[in-house]
J.: 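One structure coming up, written as structure tokens, with questions to follow.
Note that ligands are numbered from 1 as they come in the structure, with each ligand's atoms numbered from 1 the same way. The basis for the numbers below is simple: all heavy atoms, side chains too, and nothing from hydrogens, waters or symmetry mates.
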Amino acid sequence: MSPLPDTQHWHILGAGAIGSLWAAYAYKAGRPATLIMRDSATLAAYQQTGGFTTQLRSGTEVLPLPAACPEQIIQASTGAASTGETISALLITTKAQHTLDALNAVASALADSPLLVLLQNGMGVAEKVQQLYPQATLLQASTTEGAYRKGPFSVVHAGQGQTLLGQPQAATPTRTHHYLDAASQKQIAHSLSAAPLKVLVSDNIEAVLWRKLAVNSAINPLTVKYHCRNGELLDNPVAAQDMADLVEEIVQLSQLLGREGWVEDLLPQVRQVAADTALNRSSMLQDIEAGRATEIDYITGYLCRLGESLGLQLKHNMALLEIVRHHHPG
Ligand code: KPL
């Protein structure tokens, strides 16, 4: 991979809360970034709205964030009216369950060796992306930035967090030419850091992702089961016991995988996250309330499948998986 300039044009796949937050701060910093909307109808609706309503640290304003739909991007790269513009750096912020479809929709516009950065909850997608796009250099990231959508083209930056990025070892088993040294990873992190969003390199991104998965799996599905805000899980003794049972199973699984060091003090941390985000509805509860598919198969489902493959039944997680899968919204 050639060095990444500060002026690197990022395409952002997924115009949800996190994707539009990144696009908004990039725009304000004068960095080139294009939000890729789901389809031409969504793009037309956005263009009619006249911009993205953003509630950022600097105040509320409507920003004309550059956006395109997959058809346009493909035409620009390969079609009759081609400008030769391809996607060389792609920040993927879609929900886990939509990643492959969204990526496939822009596949023919990808540069020969694109840089892909996966920033999403859940696990299990990176391996599939790397398999389908072996020519890509894949990095993964995890964020604690708080953001939510207020409407279709409206985002609120609710709380400042930190974003860690790195290259999972598993993503580069034999493809040494895709291995990025620390300096290159730092450059990518820098190029994605549009103030106040700060991206740092982690030398153990797998541990970061695993811990985030553990926290998500002990909060998000429970907020669906009890239909409550994050903090209310701590006030309800039955839910609090559920949380402890889920965490215990994840710790057992981590021990089997030799990852016990990654989940030290997990229960106090899960409680702390629930307390810090007490008034929030988890992203999974928001999906259920809006009638959207959830990330459950990439969070609890991923853990249960992994446990099963090692002969460990995650009883409490499996029961919760069924509850969320069969939950009927509203
Ligand atoms: O990350 C979260 C989410 O809502 O997705 C929280 C609730 C903060 C932790 O699970």
J.: Give yes or no for whether the N/O distance cutoff of 3.5 Å, strictly under, is met between Asn216 and ligand 1.
T.: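 For ligand 1, there is an N or O atom that lies under 3.5 Å from one belonging to Asn216.
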J.: Can Trp22 and Thr93 be counted as having a side-chain donor-acceptor contact under 3.5 angstrom?
T.: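 No, Thr93 and Trp22 have no side-chain donor paired with an acceptor closer than 3.5 Å.
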J.: If you compare all heavy atoms of Tyr148 against all heavy atoms of Ala17, which two are closest, and at what distance to 0.1 Å?
T.: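 For Tyr148 versus Ala17, the nearest heavy atoms are CA-CB, 3.8 Å.
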J.: Atoms of ligand 1 less than 4.0 Å from Ser282 heavy atoms?
T.: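 Matching atoms, with element in brackets: 4 (O).
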J.: Near Asn121, which atoms of ligand 1 are under 4.0 Å from a heavy atom of that residue?
T.: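 Counting from 1, the qualifying ligand atoms are 5 (O).
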J.: Can you tell me if Arg281 has a non-hydrogen atom under 4.0 Å from ligand 1?
T.: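 Flag not set, Arg281 not near ligand 1.
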J.: Quick one: do Ile205 and Gln167 satisfy side-chain contact (heavy atoms from CB on, under 4.5 Å)? Show the steps, please.
T.: CA-CA 7 Å; Ile205 192 68; Gln167 192 170 33; 5.9 Å; no
J.: Give me the residue, atom name and distance of the protein heavy atom closest to atom 10 (O) of ligand 1.
T.: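 The closest one turns out to be Asn220 OD1, 2.5 Å.
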J.: Taking non-hydrogen atoms only, is Asn230 closer than 4.0 angstrom to ligand 1 via side chain, backbone, both or neither?
T.: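 The answer is the side chain.
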J.: Would you say Ser88 and His9 are linked by a side-chain donor-acceptor pair, where the criterion is simply a distance under 3.5 Å?
T.: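 No, because no side-chain N or O of His9 sits under 3.5 Å from a partner of the opposite role on Ser88.
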J.: Does only the side chain of Lys212 get under 4.0 Å from ligand 1, or the backbone, or both, or neither? Count heavy atoms.
T.: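 Under 4.0 Å from ligand 1, Lys212 contributes side-chain atoms alone.
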J.: Please say which of His157, Lys198, Gln160, Gln162 ends up in a side chain to side chain donor-acceptor pair (under 3.5 Å) with Glu145.
T.: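 Single side chain to side chain donor-acceptor pair (under 3.5 Å) partner of Glu145 among His157, Lys198, Gln160, Gln162: His157.
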J.: Take the angle between the ring planes of His227 and His327 and call it parallel below 30°, perpendicular above 60°, tilted in between.
T.: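 The rings of His227 and His327 lie parallel, inter-plane angle below 30°.
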J.: Within ligand 1, which atoms have a heavy atom of Ser283 less than 4.0 Å away?
T.: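 Listed by number with element, the hits are 3 (C), 4 (O), 5 (O).
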